[in-house]
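The figures that follow rest on heavy atoms only: side chains count, while hydrogens, waters and symmetry mates do not. Per chain, numbering begins at 1; letters A, B, ... match sequence-line order.
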Amino acid sequence: MTPGQAPTPSDFIRDIVAQHVAEGRYPQIHTRFPPEPNGYLHIGHAKSICLNFGIAREFGGVCNLRMDDTNPAKEDVEYVDSIQEDVNWLIAGWADDRLGLKLKGKTPDKITSNGKPDFYLPPHREHAGAQSAQLLATGPDPQNTGPALEPFYASDYFGPLYEYALALIRKGKAYVCDLTPDETDEYRRQAKESPFRNRSVEENLDLFTRMKQGEFPDGHRSLRAKIDVAAPNVWMRDPLLYRIRHAEHHHTGNQWCIYPMYDFAHCLSDYLEGITHSICTLEFEVHRPLYDWILENLDLPRPRPHQYEFARLNLGYTVMSKRKLLQLVNEGLVAGWDDPRLPTISGLRRRGVTPAALRNFAYHIGITKYNGLTDVAVLEFAIREDLNRHALRRLAVLRPLKVVITNYPEGQTETLAAVNNPEDAAAGKRQIPFSRELFIERDDFMETPPPRFFRLKPGGEVRLKYAYIIQCQEVVKDAAGNIIELRCTADLDSKTGGATASRKVKGTIHWVSAAHALDIECRLYDRLFTVPEPDATGDFKQHLNPHSLEVITAKAEPSLREAQPEARYQFERLAYFALDKESTPGKLVFNRTITLKDTWAKQAQQG
RNA sequence: UGUCCGGUGGUGUAAAGGUAGCACAAGGGUCUUUGGAGCCCUUUGUCAUGGUUCGAAUCCAUGCCGGACAGCCA
């Protein structure tokens, strides 16, 4: 969907935000997108990005990008970098002016709000529009004197978070527990109080300080909220707030050996940044009472954020969990996180899917609390819709069959005008060479065709796109009986402007001039799995599609030599393609993004 | 098992007590120098049973079905 003409989406979360805006509840709407840097972003994250940035965009707000990095064991800067790149790519030209960033290295300010001590870290205000996206993607521009910006990091809040933990202890609302992990689980299951639950404030303070100082090994003590061990919601049964991890953190190094849990860190990170609407997926619904409890039990002087949940995306014929994606990558079942068969944002990008198509997809699937399975056809439609409007048309033959035009002079070449995009007159025209020897698609010829086969057959006529009507006179075979060449005659008056140009023939096929054709590598991708729900039962890997990638050498019209990485191409009558990052001038490599709809294939299949 | 959340054509989503609509998919037609795109048409739905009401997808009750959670992961 092109920016500006997109209809404004409507869903239950936007309804809530709209109501808050109407009530004037907040000076500005502030959302956030908080991935954990422990894997690459996928199309499910794209849904969330479109929601959070979309809301910021539609209601004049800001959306912070935040690394939710409270677990040093799983996180890595590689992921931080990829997340920034993917977010930047997806929102560029659409919501990049809503992107909330902060000055590099900045941590929350200790301020006074409404007469009380407070911590606060608002987005840097000076950045605007594409500049911020640029900074995010590539770091500071040497020509730009502006400050370097970076995303927010939950790990930048470890200091304030520690203070909040202390405050909870002082209020008698948190305690240090010596139970082992297994014991803790068992006690919680049985709704039993920890024997350490009623330690004095002084003892808790002492123990927690010593936890921080590194006196105890991993797992030997934890900080727990003192709520209700018999609460029906298990998350309220004295949940852990802090655990001991003697591990190096990608962002804070060796500064800490205690790390806050998600529940403690997330609500307070939202608060610190001034988030108004904290939107997450359904699995956090049962955590909401805890989210609220923590914020309510600290004396926070500014308005508290609130959490809202929506259903995560499930898409047919793929897997979405980071664990499974990581497994595919680590076991070499795909060629890295940006393998074009993966539903990762980087994979989709490499495959040739555009940000607009992804945003359009997000618009079409909507936002609800119903946990369903979205048909891949919806994604495919969104991709085709965008590519159809913008892709440049080119002629290429994937599986070549030689054709000789016997009445066309040997050695003669002429150039024919071809339309770049019938959907967009402004895309102009290009020249393509024609000569006596051509390649056509093997599929476009059948010696004994079924009824309604409108392509070339012995004695039959067909239009060569942008060129002549030809008639097949002779089928040449090798000793084994394979068709190796077709000898045809052309109606030399039938090209555009000619006497017989308007003659009606049923079929039109694509072609390339043999002498001028470029050899290009085409990577033909198909769905990664053979079943709609690979992870429904058993091992998802047993459903991998063995034919998810086929590499072929195709023959292409010479203008493709100038193919651009950011451009999209439609090889007419076949599919959309985009240049792969491994392409070089000496060896052009194209990824098939998606095939054209093929009603003939469907018809042929049905018999 | 407990807690929470859901259930509208094949799929995804609208309808805030008043004509069940949209998109994708499927089928048919039209057009076409892409069997693409476009345009037109068609099929298919409120989980069940009661209740409230002039009127229920919507409110209430019960039942049924599905999902999430029950990590010192997020």
Side-chain angles (χ1 to χ4, degrees), chain A residues 10-11 15 34-36 38 68-71 73-75 154 177 179-182 184-185 188-189 191 218-224 231-237 239-245 259 261-263 265-266 280-289 309 311-312 316 322-323 363-382 384-385 388-389 393 395 418-419 422-423 452-455 462-467 469 494-496 501-510 532 570-576 595-604:
Chain A
S10 171
D11 53 64
D15 288 348
E36 183 190 13
N38 68 343
D68 204 2
D69 54 352
T70 55
N71 183 358
K74 292 188 174 180
E75 296 149 8
C177 181
L179 255 25
T180 66
D182 287 346
T184 309
D185 281 357
R188 289 179 77 183
R189 264 193 285 276
D218 290 3
H220 275 232
R221 287 189 217 270
S222 64
L223 184 72
R224 291 231 254 162
N233 180 346
V234 190
W235 283 106
M236 298 300 271
R237 322 245 263 225
L240 264 81
L241 266 22
Y242 265 91
R243 76 290 216 182
I244 299 170
R245 285 283 172 282
Y259 290 92
M261 298 290 292
Y262 165 85
D263 289 297
H266 205 91
C280 60
T281 46
L282 249 25
E283 64 267 29
F284 295 100
E285 213 162 10
V286 283
H287 293 240
R288 191 175 0 135
E309 311 88 9
R312 69 178 337 136
K322 278 191 196 168
R323 206 197 92 243
Y363 170 78
H364 279 295
I365 59 176
I367 301 290
T368 63
K369 299 185 83 147
Y370 177 72
N371 214 308
L373 179 67
T374 297
D375 194 334
V376 262
V378 181
L379 207 215
E380 294 173 345
F381 173 81
R384 288 195 182 102
E385 190 184 40
N388 176 51
R389 270 200 295 259
R393 311 296 132 118
L395 298 186
V419 172
E423 310 290 322
R452 300 178 59 76
F453 181 81
F454 302 143
R455 285 117 95 149
V462 80
R463 160 77 69 181
L464 294 177
K465 178 94 182 175
Y466 300 123
I469 294 169
S494 63
K495 72 175 183 185
T496 305
S502 54
R503 260 180 69 207
K504 295 291 175 199
V505 286
K506 195 64 186 168
T508 300
I509 63 172
H510 58 277
Q570 183 200 100
F571 294 176
E572 291 211 43
R573 303 208 307 133
L574 298 170
Y576 295 99
T595 61
L596 253 39
K597 267 173 68 178
D598 187 347
T599 52
W600 165 248
K602 189 184 289 178
Q603 189 180 319

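- Of the C1' atoms belonging to G45(B) and U8(B), the separation is 6 Å, rounded to the nearest Å.
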For each nucleotide in nucleotides 68-74 of chain B, reading 5' to 3', give B when a protein heavy atom comes within less than 4.0 Å of its base, S when such contact involves only the sugar-phosphate, and - otherwise. SSSSBSB
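- Distance check on atom P: C41(B) versus A61(B) gives 43 Å, rounded to whole Å.
- Separation of the C1' atoms belonging to A70(B) and C22(B) is 39 Å when rounded to the nearest angstrom.
- Using a cut-off of 4.0 Å between Lys/Arg side-chain N and Asp/Glu carboxylate O, Lys322(A) and Glu36(A) are scored as not salt-bridged.
- Protein atom CG of Asn233(A) is 6 Å distant from nucleotide atom C1' of U3(B), rounded to whole Å.
- For the side chain to side chain contact (heavy atoms under 4.5 Å, CB included) test, residues two or more places apart in sequence or in another chain that qualify with Val378(A) are Phe361(A), His364(A), Ile365(A), Thr374(A), Asp375(A).
- The distance from atom CD of Glu285(A) to atom C1' of U3(B) is 11 Å, rounded to the nearest whole Å.
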Each nucleotide of nucleotides 29-43 of chain B classed B (base within 4.0 Å of a protein heavy atom), S (only sugar-phosphate) or -, in 5' to 3' order, makes ----BBBBS------
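- Arg224(A) is linked by a salt bridge (Lys or Arg N to Asp or Glu O under 4.0 Å) to nothing, counting only residues two or more places apart in sequence or in another chain.
- Taking atom P in both C31(B) and A15(B), the straight-line distance is 40 Å, to the nearest Å.
- In the displayed structure, Arg245(A) atom CZ is contacted under 6.0 Å by more than 12 heavy atoms of other residues, nucleotides or ligands.
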Check the interface with nucleotides 45-48 of chain B: list each N/O to N/O pair with the protein under 3.5 Å, or write none.
none

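- Here G50(B) is in the anti range [glycosidic angle more than 90° from 0].
- The OH atom of Tyr370(A) sits 15 Å away from the C1' atom of A57(B) (whole-angstrom rounding).
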Per-residue pairing states of RNA chain B in dot-bracket (Watson-Crick or G-U under 3.5 Å; . unpaired, | other strand) read (((((((..((((....[..)))).(((((.......)))))....(((((..]....))))))))))))....
